[in-house]
Amino acid sequence: MSKLRTRRLPAALLACLLGVWGVSGAQAGCRDDIPDARRIGAGEFCVLGFCLYRAELWAAQPPAVPTASETPFALSLTYERSVSGERIVSTGLDEMQRLAPHPIAEATLTTWQQDMRRAFGDVSRGDELCGVYLPGHGARFYTNGKVSTEVRDPAFAQAFFGIWLDARTRAPTLRKQLLGGP
């Protein structure tokens, strides 16, 4: 009997360790793109009492001007509810258009829509989507710790991350929390 317990204990321990590594590995994937990353802030996005996701902003230092930052950062969203990829894309594009200083050309919107479709599929509770802002280059996106796509368009990256970090965001409390406020 003691041999049986000895064999089960390491297997159980291994399963626990793999589970822990799987969770932290998913989050670390996008943070690995940011040298000396530390969590700047975090908060939840809730509408009418229903929380959709928990967001975390990771960077070496807080972005000075978040939508035109020279500081690379990672924005991680861990979902509390299932959402279709199409809903994520359409809502994102709507917000990017709303925040744009000038109307976005139809050809640009079509390209951005295709880029976002490559980046975002359907999500379920516990799934993590993470975007990395790469100043002057664009953005890289991860789904559950694995690269889903890279968009080499600085204008797209600024518009996309502006959804959360622009002063005119629809979620000003979340923005404040992400940037390290209470």
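All figures in this text were calculated on a predicted structure; none of them were measured in a lab.
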Do [X] and [Y] share a hydrophobic cluster, counting only Ile, Leu, Val, Met, Phe, Trp and Tyr and linking them when any side-chain heavy atoms are less than 4.5 Å apart?
X: Leu178; Y: Val47; value: yes
X: Leu99; Y: Ile104; value: no
X: Leu179; Y: Phe161; value: yes

Of all heavy-atom pairs between [X] and [Y], which one has the smallest distance, and what is that distance?
X: Val132; Y: Cys30; result: CG2-O, 3.5 Å
X: Ser124; Y: Ser82; result: CA-OG, 3.6 Å
X: Leu165; Y: Arg175; result: O-NE, 2.6 Å
X: Ala55; Y: Leu75; result: CB-CD1, 4.5 Å
X: Cys51; Y: Glu44; result: SG-OE1, 3.8 Å
X: Glu56; Y: Ala42; result: CG-CB, 3.8 Å

The criterion is side-chain contact (heavy atoms from CB on, under 4.5 Å); which residues satisfy it with [X], sequence neighbours excluded?
X: Arg125; value: Glu80
X: Thr91; value: Arg87
X: Ala60; value: Asp36
X: Ala59; value: Ile40, Thr71, Phe73

Could you give all pairs that pass the salt bridge (Lys or Arg N to Asp or Glu O under 4.0 Å) test and reach residues 132-142, with sequence neighbours left out? Asp33-Arg140, Arg140-Glu150
Does Asp122 reach the main-chain N or O of Gly85 with its side chain, forming a donor-acceptor pair under 3.5 Å? yes
Suppose we screen for salt bridge (Lys or Arg N to Asp or Glu O under 4.0 Å). Which residues come up paired with Asp153, at least two apart in sequence or across chains?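 In terms of salt bridge (Lys or Arg N to Asp or Glu O under 4.0 Å), with neighbours along the sequence ignored, Asp153 is linked to no residue.
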Mind checking salt bridge (Lys or Arg N to Asp or Glu O under 4.0 Å) for Arg117 and listing every partner two or more places apart, or none if nothing turns up?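 Glu86.
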Checking Phe120 now: which residues fulfil ring-ring contact (aromatic ring centres under 6.0 Å, His included) with it, not counting sequence neighbours?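 By the ring-ring contact (aromatic ring centres under 6.0 Å, His included) rule, Phe120 matches Phe141, Phe160.
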If a pair satisfies side chain to side chain donor-acceptor pair (under 3.5 Å) and one of its residues is in residues 94-105, list it, with sequence neighbours excluded.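 Applying side chain to side chain donor-acceptor pair (under 3.5 Å) to every pair that reaches into residues 94-105, excluding sequence neighbours, yields Glu95-Arg98, Glu95-Arg170.
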[X]: partners by side-chain hydrogen bond (donor to acceptor under 3.5 Å, both in side chains), with sequence neighbours left out:
X: Tyr53; answer: Trp164
X: Thr149; answer: Arg118
X: Arg81; answer: none

Output the distance between atom [atom1] ([X]) and atom [atom2] ([Y]), rounded to the nearest 0.5 Å.
X: Leu52; Y: Leu77; atom1: CG; atom2: CG; result: 8.5 Å
X: Leu57; Y: Ser76; atom1: CG; atom2: OG; result: 10.0 Å
X: Arg38; Y: Arg31; atom1: CZ; atom2: CZ; result: 13.0 Å
X: Cys46; Y: Arg54; atom1: SG; atom2: CZ; result: 10.0 Å
X: Phe156; Y: Met116; atom1: CZ; atom2: CE; result: 5.5 Å

Under 3.5 Å, is there a donor-acceptor pair linking the side chains of Thr143 and Glu128? no
Looking only at side chains, do Trp112 and Gln114 share a donor and an acceptor under 3.5 Å apart? no
Could you give me the CA-CA distance, side-chain angles and deciding distance for Ile88 and Leu129, then say whether side-chain contact (heavy atoms from CB on, under 4.5 Å) is met? CA-CA 11 Å; Ile88 293 169; Leu129 299 181; 4.0 Å; yes
